[in-house]
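Okay, so here's the structure we're looking at.
All residue numbers refer to positions in the sequence shown, counting from 1. Basis for what follows: all heavy atoms, side chains included, without hydrogens, waters or symmetry-related copies. Counting starts at 1 for both ligands and their atoms, following the listed order.
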Amino acid sequence: MLSPPGGTQRCFQAILLLALIVFLLAGFLHRDIRLFEPLLWGQAEGPPVINVMFLKTHKTASSTVLNILFRFAETHNLSVALPAGSRFHLGYPWLFLARYVEGLESPGPQRHFNIMCNHLRFNLPEVQKVMPEDTFYFSILRNPVFQLESAFAYYRKDVPAFRAAGSLDAFLAAPRTYYHRGAGLRNAPARNGMWFDLGFDNDAPADEAYVRARLADVERRFQLVLIAEHLDESLVLLRHLLRWRLDDVVAFPLNSRSPRSVAGLSPEARARARRWCALDWRLYEHFNRTLWARVRAELGPRRLRSEVARLRARRRELAARCLQDGEAKNGSQITDRRLRPYQSGVADIMGYNLRRDLDNQTRQMCLRMVTPELQYMAHLYARQFPGKPPKNIPFLEE
Ligand SMILES: Nc1ncnc2c1ncn2[C@@H]1O[C@H](COP(=O)(O)OS(=O)(=O)O)[C@@H](OP(=O)(O)O)[C@H]1O
């Protein structure tokens with residue numbers, strides 16, 4: 001005889017119902033946790049880091065990072081190690097000396113600053129005279145092929161090796177024809193420019209032991225090295241390490257050339273650039289690899305994806321709120337000359353027009369995000385040293 005069908009059926013239905021409840025609960029909880037995840041992630045585990053040294057390498061998206069730091073300094077009323085007197089950088093291309101900083105030129109008890117981020121050639125013992133002991137050090141690198149191409153356009157008229165060559169292709173085909181050590185530091189941007197900015201010899205042979213020793217120096221000193229090609233991921237990691245808010249690291253790209261002034265390079269020219277700048281190439285390869293290892297260890301792929309998406313969404317939102325047409329403009333299209341970026345070489349450097357309908361508070365916030373480096377530095381200088389003559393920016397007077 002068969003057992004009464006009602007019992008088995010009820011048992012089966014109960015199991016099914018239980019499975020359904022478990023399934024729905026799991027799905028709901030999962031969604032629920034995911035809903036709160038970004039909030040939990042956003043919570044800092046201590047006060048924000050406020051002593052920060054950024055080694056601003058050349059042509060690596062470093063102006064965008066500098067803007068982040070200037071804004072943080074201004075909104076938190078922090079002191080910035082600014083170039084002394086009428087200068088615009090901290091002694092570059094010479095190795096940095098503490099006396100290049102305003103307020104440290106005369107002997108006396110050393111003063112410390114919170115933020116240091118203007119162009120300089122790294123020289124640790126002198127930087128340590130300016131920055132507190134607990135300073136967070138970081139820098140940025142870019143693929144040396146594109147960094148060199150950008151430098152060529154930007155310094156075309158200033159760097160003897162570039163001036164002598166008709167084009168970057170011609171330069172890379174026979175760099176020794178144009179590049180002579182006799183020109184000294186003025187030729188630094190023409191070879192291993194990032195290696196040079198780190199304070200190393202940009203003409204040294206790329207011997208394995210030497211390269212490894214210098215990479216280890218950088219590892220030891222810098223808590224983080226950002227990569228321009230992965231700037232958003234880098235900024236997410238930076239924010240996490242500094243315990244800053246999302247808006248602190250949201251930035252519009254600054255100092256970018258208009259696409260028409262960017263030269264395409266053939267695969268041969270790219271390979272030559274990698275060989276010519278072999279030290280920079282090793283540097284870039286190494287820190288590109290360690291950035292991803294670091295991101296995996298600190299954040300993991302899911303959190304990284306979510307935070308990068310939040311950063312991009314916020315940038316889009318602010319671009320729509322702040323910017324005329326929501327986008328960058330060529331240098332000549334910028335109507336307010338105070339927002340015009342410095343133009344150099346044969347590069348057409350882009351900037352931004354602000355929307356006209358902004359209320360005062362929004363305008364103030366947007367203005368900080370689009371103010372070019374030199375103007376922002378002059379503004380901070382006037383704020384920090386009201387008794388000193390203000391910095392004069394010659395191209396704004398023209
Ligand atoms: N993610 C991202 N965001 C912003 N900018 C980026 C980024 N990646 C690269 N770049 C390019 O970096 C170049 C500007 O570099 P810098 O600001 O360091 O230049 S400078 O040394 O301060 O003059 C400038 O390069 P070019 O446009 O090739 O000249 C920027 O376009």
Check: With distance as the sole test, does Arg363 use its side chain to make a donor-acceptor pair with the main-chain N or O of Leu358 at under 3.5 Å?
Finding: no
Next item on the list: Taking only heavy atoms of Thr57 into account, list the atoms of ligand 1 that are under 4.0 Å away from them.
Entry: 18 (O)
Check: What protein heavy atom sits nearest atom 17 (O) of ligand 1, and how far off is it?
Finding: Ser63 OG, 2.5 Å
Note to self: Please tell me whether Asn51 and Thr135 have a donor and an acceptor in their side chains that are separated by less than 3.5 angstrom.
What the structure shows: no
Notebook entry, point to check: Considering only the protein, which heavy-atom contact is closest to atom 18 (O) of ligand 1, and what is its distance?
Noted result: Ser62 OG, 2.6 Å
Note to self: Heavy atoms only: which of Ala61, Pro372, Pro341 lies closest to atom 5 (N) of ligand 1?
What the structure shows: Ala61
Item checked: Side-chain donor-acceptor pair present, Asn187, His180, cut-off under 3.5 Å -> no
Notebook entry, point to check: What residue and atom, counting heavy atoms only, is the protein's closest point to atom 21 (O) of ligand 1, and at what distance?
Noted result: Lys59 N, 2.8 Å
Check: Nearest protein heavy-atom contact for atom 4 (C) of ligand 1: which residue, which atom, what distance?
Finding: Thr64 OG1, 3.5 Å
Next item on the list: Without swapping roles, check the side chain of Arg243 against the backbone of Pro47 for a donor-acceptor pair under 3.5 Å.
Entry: yes
Check: Which atoms of ligand 1 are found less than 4.0 Å from any heavy atom of Ala228?
Finding: 1 (N), 8 (N)
Margin query: At less than 4.0 angstrom from any non-hydrogen atom of Leu231, what atoms of ligand 1 do you find?
Written below: 1 (N), 2 (C), 3 (N)
Check: If you count the atoms of ligand 1 from 1 in the order shown, which ones are under 4.0 Å from a heavy atom of Pro253?
Finding: 4 (C)
Next item on the list: Decide whether Thr362 and Asp359 meet the rule of one side-chain donor and one side-chain acceptor closer than 3.5 Å.
Entry: yes
Check: Can you find a side-chain donor-acceptor pair between Tyr284 and Glu229 that sits under 3.5 Å?
Finding: yes
Checklist line | Atom indices of ligand 1, in the order listed, that fall short of 4.0 Å to a heavy atom of Arg257 | finding: 26 (P), 27 (O), 28 (O), 29 (O)
Checklist line | Element-labelled atoms of ligand 1 that are located less than 4.0 Å from some non-hydrogen atom of Asn255 | finding: 14 (C), 17 (O), 19 (O), 20 (S), 22 (O), 23 (O), 24 (C)
Notebook entry, point to check: What protein heavy atom sits nearest atom 30 (C) of ligand 1, and how far off is it?
Noted result: Ser256 OG, 3.6 Å
Margin query: Would you say the rings of Phe162 and Phe152 are close, in the sense that their centroids are separated by under 6.0 Å?
Written below: yes
Check: Would the Trp94 and Tyr100 ring centres measure less than 6.0 Å apart?
Finding: no
Next item on the list: Among all protein heavy atoms, pick out the one at the shortest distance from atom 22 (O) of ligand 1; state its residue, atom name and that distance to 0.1 Å.
Entry: Lys56 NZ, 2.6 Å
Margin query: Show the atoms of ligand 1 that are less than 4.0 angstrom away from any heavy atom in His119.
Written below: 20 (S), 21 (O), 22 (O)
Notebook entry, point to check: Distance only, no hydrogens: is a donor on one side chain within 3.5 Å (strictly under) of an acceptor on the other, for Tyr352 and Asp325?
Noted result: no
Checklist line | ligand 1 to Glu149 polar contact by distance, N or O atoms, under 3.5 Å | finding: no
Notebook entry, point to check: Considering residues, nucleotides and ligands other than Gln361, do more than 12 of their heavy atoms fall under 6.0 Å from its CD?
Noted result: no
Notebook entry, point to check: Looking only at distance, does His58 have an N or O less than 3.5 Å from an N or O of ligand 1?
Noted result: no
Notebook entry, point to check: ligand 1 and Val262, any nitrogen or oxygen pair closer than 3.5 angstrom?
Noted result: no
Next item on the list: To the nearest 0.5 angstrom, please state how far the CG atom of Asp232 sits from the CZ atom of Arg312.
Entry: 4.5 Å
Item checked: 4.0 Å heavy-atom contact, Glu229 with ligand 1 -> no
Next item on the list: Output the list of atoms in ligand 1 that are nearer than 4.0 Å to some heavy atom of Ser150, sorted by atom number.
Entry: 25 (O), 26 (P), 28 (O), 29 (O)
Margin query: Taking Arg163's backbone N and O only, do any of them form a donor-acceptor pair with Arg156's side chain (distance below 3.5 Å, no angle check)?
Written below: no
Next item on the list: Out of Arg142, Met350, Glu373, Gln147, indicate the one that has the non-hydrogen atom closest to atom 13 (C) of ligand 1.
Entry: Arg142
